[in-house]
2 protein chains.
Amino acid sequence: MGHTQRGQCAKRISILDAAAQVFCREGFSGASIDEIAVEACVSRQTIYNHYREKETLFTAVVEDVMDRANAMLFSILSTFPDKSDHLEDDLTAFAVRLTKNCLCNQDGKFLRKLVQSEGERYPHLFETWRQHGPGKIGTALGALFARLSHKGVLRIDDFDLAARQFLALVNADLQMITLFGGTPTDEQLESAARNAVQTFIRAYAGPASEAAPRTPALAVVS
Amino acid sequence: MGHTQRGQCAKRISILDAAAQVFCREGFSGASIDEIAVEACVSRQTIYNHYREKETLFTAVVEDVMDRANAMLFSILSTFPDKSDHLEDDLTAFAVRLTKNCLCNQDGKFLRKLVQSEGERYPHLFETWRQHGPGKIGTALGALFARLSHKGVLRIDDFDLAARQFLALVNADLQMITLFGGTPTDEQLESAARNAVQTFIRAYAGPASEAAPRTPALAVVS
DNA sequence: GTCAAACTAGACACTATTGTCTAAAACGTC
DNA sequence: GACGTTTTAGACAATAGTGTCTAGTTTGAC
């Protein structure tokens, strides 16, 4: 048993990579092993050697993409602006990083599409993703917003809610583009992020919810 | 040629209905004509009589759902609060109507899922939908927000942007639920709508954007 | 160079699906 | 009840895909 790790590993990666693309393009039923084999420059039998059957390959691909996506996600989360004198610019830059590297990249597209189309068929597979991915991002972002709130930079009651709304706002301008598999340009990313951050800051800046519950009359500039 | 409209029409509806469910559940490739026939309580040949082939049936189903969804959408849009002394409550109720009858119902689920999974394969089919559906809802909602803004109830610069953000905020709390095909409860709908409306009003209420212009250049649209 | 492991190419049985065809049955109208 | 239309059930060929098997080839470590 010589440790031919490099060769095997290269094939594995090649297979996973090709399978991800084909599954994403055609869905689970529409993807054929032959197609994946051709795209991976590998014989069909090799695929069956590594992964017993189509479903095994599929779950392996999903787990692989999930791991990469989560790693990237928390890597980006760690760049959340901790101290900043230009909150709008820093939050915008953060939002751009987040969208570009997590939400709009290859893996993000794959997960959005596959969760949507095959999520109901593989509940446990995607539920772990939901917990470790979008579930965690909410609370993690929430914790980061909590820091900003405690510093008085923002005035936030419900941190998790604010995090969800932040993400939703960032997606507001991108959804139409990303819906058909399109990739937004850098300008679109920038614009979407800035629009989102401006609205977010307007909603959560200034001393609110102290005297007056939530009705208007809030001075904006600090 | 007796006008047996009722019988034929009933079959057509039955087929379209069953096909929508099966296509939604299994995707285009995964759905089999036999399955649809069984679900529609109809022989397979009848399907081939009405729709020449699988693809014809699929486009017919999509167009059918699109029409229903658009009709419902504009029906709900017409209930946008025109005059209101309780803006938050009225906007919340509107958001609940919108989510319940358009975004989270059977047709909304179908369109979200199928646009995502088959959108790239049928560009023209879903592009018309994009223009007549979500494309129009943005501008239509934008026009309604413009009215509120001109009355001084809200202070909005970019109406279409505000509309997109309103929709995004409403979805913020629902995405996690609706992602796996789940249907939110009335309480969840209410809560999501209220959270969204409160944040939206906080961002767009009060005299803003006159003393401190937040950014010179926005409104980037390609 | 040897050797074992991995890879390849192709044939193979099996199943599922599409779309066609036919003859019988059901339906609705007159 | 007769008639035309629609529906049905089933057989049917054609195609495509899965997963297995085998025999031959490459690869990499020693």
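Labels below follow one simple rule: chain letters A, B, ... track the order of the sequence lines, proteins then strands, and each chain is numbered from 1.
Within the structure, the salt bridge (charged side-chain N to carboxylate O under 4.0 Å, His left out) test picks out no pair touching residues 48-57 of chain A (sequence neighbours left out). Applying the ring pair (Phe, Tyr, Trp, His ring centres under 6.0 Å) test to residues at least two apart or on different chains, the pairs with a partner in residues 94-113 of chain B are B:Phe80-B:Phe94. The list of side chain to side chain donor-acceptor pair (under 3.5 Å) pairs with a residue in residues 64-76 of chain B, not counting sequence neighbours, reads B:Asp64-B:Arg68, B:Arg68-B:Asp107.
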In a table with atom names and distances, give each donor-acceptor pair under 3.5 Å that connects a side chain of residues 131-142 of chain A to protein atoms at least two apart or in another chain.
unit_1   : atom_1 : unit_2   : atom_2 : d
A:Thr139 : OG1    : A:Lys136 : O      : 3.0

Just list the side-chain donor-acceptor pairs under 3.5 Å for residues 165-181 of chain A, sequence neighbours left out, or say none.
unit_1   : atom_1 : unit_2   : atom_2 : d
A:Gln165 : OE1    : A:Tyr204 : OH     : 2.6
A:Gln165 : OE1    : B:Thr199 : OG1    : 2.8
A:Gln165 : NE2    : B:Asn195 : O      : 3.3
A:Gln165 : NE2    : B:Thr199 : OG1    : 3.0
A:Asp173 : OD1    : B:Arg164 : NE     : 2.5
A:Asp173 : OD1    : B:Arg164 : NH2    : 3.1
A:Asp173 : OD2    : A:Asn195 : ND2    : 3.0
A:Thr178 : OG1    : A:Arg112 : NH2    : 2.7

Without placing hydrogens or testing angles, list every side-chain donor-acceptor pair under 3.5 Å for residues 16-29 of chain A, not counting sequence neighbours.
unit_1  : atom_1 : unit_2   : atom_2 : d
A:Arg25 : NH2    : A:Glu35  : OE2    : 3.1
A:Glu26 : OE1    : B:Arg121 : NH2    : 3.0

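When rounded to the nearest whole Å, the span between NZ of B:Lys54 and P of D:dA14 equals 21 Å. To the nearest angstrom, P of C:dG19 lies 15 Å from OH of B:Tyr51. Distance, A:Ile47 CD1 to C:dC7 P: 11 Å, rounded to whole Å. Atom CD in A:Glu53 sits roughly 16 Å away from atom P in C:dT15 (whole-Å rounding). Summarising the geometry, the separation between CD1 on A:Ile15 and P on C:dT8 is reported as 8 Å, rounded to the nearest angstrom. Going from atom CG of B:Asn49 over to atom P of C:dC21 covers 12 Å, rounded to whole Å.
With D:dT20, D:dT7, C:dT18 as the candidates, the nucleotide lying closest to the side chain of A:Tyr48 is D:dT20. Picking from D:dG19, C:dT8, D:dT8 the nucleotide with the shortest atom distance to the side chain of A:Lys11 gives C:dT8.
For the helix from C:dG1-D:dC30 to C:dC30-D:dG1, the terminal axes (five pairs an end, C1' atoms, rotation from four pairs onto the next four) enclose an angle of 30°, given to 10 degrees.
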Kindly give the atom pairs (protein nitrogen or oxygen, nucleotide nitrogen or oxygen) under 3.5 Å for nucleotides 10-13 of chain C.
unit_1 : atom_1 : unit_2  : atom_2 : d
C:dA11 : N6     : A:Arg44 : NH2    : 3.0

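A search for side-chain contact (heavy atoms from CB on, under 4.5 Å) contacts involving A:Thr185 returns A:Glu187, A:Gln188, not counting sequence neighbours. Annotation: ring pair (Phe, Tyr, Trp, His ring centres under 6.0 Å) contacts of B:Tyr48 (sequence neighbours excluded): none. Legend: residues meeting ring pair (Phe, Tyr, Trp, His ring centres under 6.0 Å) with B:Tyr51, ordered by chain and number and at least two apart, are absent.
Using a 4.0 Å cut-off, no side-chain N or O of A:His50 falls inside it from OP1 or OP2 of C:dA6. Phosphate proximity of C:dC7 to A:Ser43: absent, as no side-chain N or O sits under 4.0 Å from OP1 or OP2.
The closest side-chain heavy-atom distance from A:Leu144 to A:Asp82 is not below 4.5 Å.
Listed by residue number, the members of residues 26-38 of chain A with any heavy atom below 4.0 angstrom from DNA chain D are A:Ala31, A:Ser32, A:Ile33.
Between B:Lys113 and B:Glu118, none of the side-chain N atoms (NZ, or NE/NH1/NH2) sits under 4.0 Å from a carboxylate O, so this pair counts as no salt bridge.
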